[in-house]
Amino acid sequence: MLAWYDAHARSLPWRAPPGSPPPDPYRVWLSEVMLQQTQVAAVIPYFEMFTTRWPDFAALAAADDAEVMSAWAGLGYYARARNLLAAARVVAREHAGRLPGDEAALRKLPGFGAYTAAAVAAIAFGQRAVVVDGNVERVVARLFALADPLPGAKATLRMLVDSITPDTRPGDFAQAMMDLGATICTPRSPKCLLCPLADRCDARAEGAPESYPFKAKKAARPVRHATFFWLEREGQVLLVRRPPRGLLGGMRGLPTGPWAAAPPQLEEAPVETDWTLRNASIRHVFTHFELHATLATATLGRHIDAIEGEWWPIARLDEAGLPRLFAKAVEAMESVA
DNA sequence: GATCCGTGGCC
DNA sequence: TGGCCAAGGAT
């Protein structure tokens, strides 16, 4: 794997060339958090923006929460951004601005689970650690033709990864396994002819490597319905800050009514006024449900106040840091107008 | 262990 | 078209 990595490693903004000293732990950490459940191509522009604006732990620890959340907008899984800030502040305050170098200490920081702690320990600090992500699970399940389905097989897979992890260049080994999974040992149509492990791959010997790993079936995704309220006043629209936890937690958004099994129409409008229900429909797929939203619009005169939220210039909504769901609503309004 | 938590790309 | 998947973590 190391020889293959020396020849075929992907060049990525957070990565050091194979065999060279480890890169800046801050950049390794930031990239690993962004890469959680997120593909490389989606991460690269966010990584460049973040490292330009906040080049180290001290800068990020001193940043405004709202600016960091806005910068993360569109990348998804917003708890990552909240934990990112919390971890940066712990590192700045309690660890003299440096990430601890061992896996157990890393694991205690917000946003560091088993994978991220192992990956940072291996890649940024050269520690031997068992790094298991979705790519590694797939590669190893195929290599050993593991018949047990995920997620139940995770403990077995971790033992198998441990059994093949070397003492030397553990960071390069981990990245080699992940590169292999991302480029060769892909979920569908794996490119076995290019794989350095093809000779010893049990799944390939069986003839259907793409059938691994076996997985339990997922539950069907229900549909929920909501109304988004577009309230205008003098070229501005009302935005609210969502609660700090839960779905899109801590992000700006349009006021919405309840998200229910049936269209809620004008329930929980931010103000009692003459709403117009539009027939523009917004569809957005989350991990566990699909949302169908309709828009209700209204315009206020200048003297109505005492409404919770921020009045935001409509012409500058692209700067509001709206998650995609609400950005879609803005697009729908632009097409209506 | 099961659920919740975004978004975009792919076939 | 829609189901699946992606460098997972928190509760």
Side-chain angles (χ1 to χ4, degrees), chain A residues 9-10 12-15 27-47 69 72-84 86-87 106-120 122-124 129-139 149-155 158 161 171 173-183 185-190 210 213 215-224 242-251 253 259 283-291 321-328:
Chain A
R10 289 180 290 177
L12 300 171
W14 47 85
R15 197 175 256 192
R27 294 167 64 86
V28 173
W29 164 65
L30 181 61
S31 70
E32 289 300 340
V33 173
M34 289 183 165
L35 286 162
Q36 289 164 8
Q37 295 289 287
T38 308
Q39 302 197 53
V40 165
V43 164
I44 287 176
Y46 284 86
F47 179 84
M69 298 310 291
W72 197 276
L75 198 53
Y77 282 140
Y78 299 99
R80 294 185 293 176
R82 304 194 298 268
N83 288 328
L84 191 82
L106 289 168
R107 187 70 178 75
K108 294 175 181 170
L109 293 169
F112 278 79
Y115 164 76
T116 304
V120 171
I123 296 168
V130 182
V131 180
V132 188
D133 76 327
N135 288 307
V136 178
E137 285 180 346
R138 184 171 58 255
V139 170
L150 286 171
K154 281 180 179 293
R158 188 184 186 286
V161 176
F173 176 77
Q175 292 177 97
M177 292 288 284
M178 293 190 280
D179 274 18
L180 188 72
T183 63
C185 194
T186 49
R188 290 174 296 237
S189 305
E210 69 281 359
K215 296 195 174 184
K217 287 184 181 174
K218 293 176 182 174
R221 219 182 336 243
V223 175
R224 296 184 195 170
R242 296 179 57 81
R245 299 182 211 286
L247 190 79
L248 308 177
M251 302 297 290
W259 297 18
R283 288 166 178 260
H284 194 71
V285 179
F286 292 97
T287 308
H288 283 86
F289 65 94
E290 181 175 339
L291 186 70
L322 294 176
R324 279 296 301 151
L325 167 63
F326 295 115
K328 284 183 184 177

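Below, chain A is the first sequence line, B the second, and so on; all start at residue 1. Just so you know, these numbers come straight off a predicted model, no measurement behind them.
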Exercise for review: Compare side-chain N and O positions of A:H284 against OP1 and OP2 of B:dT7 and report whether any pair is under 4.0 Å apart.
Suggested key: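 Yes, within the criterion.
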Just call it for [X]: base, sugar-phosphate, or nothing, with non-hydrogen atoms closer than 4.0 Å on any strand.
{"X": "A:L75", "answer": "base"}
{"X": "A:W72", "answer": "nothing"}
{"X": "A:L12", "answer": "base"}
{"X": "A:G181", "answer": "nothing"}
{"X": "A:A174", "answer": "nothing"}

Practice item. Report yes if a donor N or O on one partner sits less than 3.5 Å from an acceptor N or O on the other, where the partners are the side chain of A:R10 and the base of C:dA7; otherwise report no. Key: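 Result: at least one qualifying N/O pair found.
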Please enumerate all residues that pass side-chain hydrogen bond (donor to acceptor under 3.5 Å, both in side chains) together with [X], with sequence neighbours excluded.
{"X": "A:Q39", "answer": "none"}
{"X": "A:S31", "answer": "none"}
{"X": "A:R221", "answer": "none"}
{"X": "A:R224", "answer": "none"}

Point to revise | Under 3.5 Å donor-acceptor, A:R80 side chain and A:V33 backbone | key: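 Here the side-chain-to-backbone pair exists.
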Check your understanding: Between the side chain of A:R138 and the main-chain N/O of A:C185, is any donor-acceptor distance below 3.5 Å?
Key ->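 Checked: pair present.
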Qualifying residues under side chain to side chain contact (heavy atoms under 4.5 Å, CB included), relative to [X], sequence neighbours excluded:
{"X": "A:A119", "result": "A:E32, A:Y115, A:I123, A:V131"}
{"X": "A:K108", "result": "none"}
{"X": "A:R15", "result": "A:Y5, A:A9, A:R10, A:L12, A:Q175, A:D179"}

Review point. Would you call A:V136 and A:M178 a side-chain contact if the rule is heavy atoms closer than 4.5 Å?
Key: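 Touching, per the 4.5 Å side-chain cut-off.
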**Study point:** Inter-residue atom distance A:Q36.CD - A:L75.CG, 0.5 Å rounding
**Key:**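 Separation between the atoms: 10.0 Å.
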Please state how far atom [atom1] in [X] lies from atom [atom2] in [N], giving the value in whole angstrom units.
{"X": "A:F47", "N": "C:dA7", "atom1": "CZ", "atom2": "C1'", "answer": "13 Å"}
{"X": "A:I44", "N": "B:dG8", "atom1": "CD1", "atom2": "C1'", "answer": "15 Å"}
{"X": "A:E32", "N": "C:dG8", "atom1": "CD", "atom2": "P", "answer": "9 Å"}
{"X": "A:L30", "N": "C:dG8", "atom1": "CG", "atom2": "C1'", "answer": "16 Å"}
{"X": "A:R27", "N": "C:dA7", "atom1": "CZ", "atom2": "C1'", "answer": "17 Å"}
{"X": "A:R158", "N": "C:dG8", "atom1": "CZ", "atom2": "P", "answer": "16 Å"}
{"X": "A:F289", "N": "B:dC5", "atom1": "CZ", "atom2": "C1'", "answer": "9 Å"}
{"X": "A:E290", "N": "B:dG6", "atom1": "CD", "atom2": "C1'", "answer": "14 Å"}

In whole Å, what separates the [atom1] atom of [N] from that of [M]?
{"N": "B:dG6", "M": "C:dT11", "atom1": "P", "result": "14 Å"}
{"N": "C:dC4", "M": "B:dT3", "atom1": "P", "result": "16 Å"}
{"N": "B:dA2", "M": "C:dA7", "atom1": "P", "result": "23 Å"}

Check your understanding: Excluding sequence neighbours, so at least two apart, what forms ring-ring contact (aromatic ring centres under 6.0 Å, His included) with A:F47?
Key ->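 Here the qualifying residues are A:W14.
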Extract from the structure each pairing of a protein N or O with an N or O of nucleotides 1-3 of chain B at less than 3.5 Å, listing the distance.
none

Check your understanding: Which residues satisfy the salt bridge (charged side-chain N to carboxylate O under 4.0 Å, His left out) test with A:E210, sequence neighbours excluded?
Key ->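 Counting only residues at least two positions away or on another chain, A:E210 forms no salt bridge (charged side-chain N to carboxylate O under 4.0 Å, His left out).
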Strictly under 3.5 Å: I want the nitrogen or oxygen pairs between protein and nucleotides 9-11 of chain C, one per line.
residue	atom	partner	partner atom	Å
C:dG9	OP1	A:G113	N	3.0
C:dG9	OP1	A:T116	N	2.9
C:dG9	OP1	A:T116	OG1	2.6
C:dG9	OP2	A:A114	N	3.4
C:dG9	OP2	A:Y115	N	3.2
C:dA10	OP1	A:G111	N	2.6

Could you list all N or O pairs between the protein and nucleotides 2-6 of chain C that sit under 3.5 Å apart?
residue	atom	partner	partner atom	Å
C:dA6	OP1	A:R138	NH1	2.3

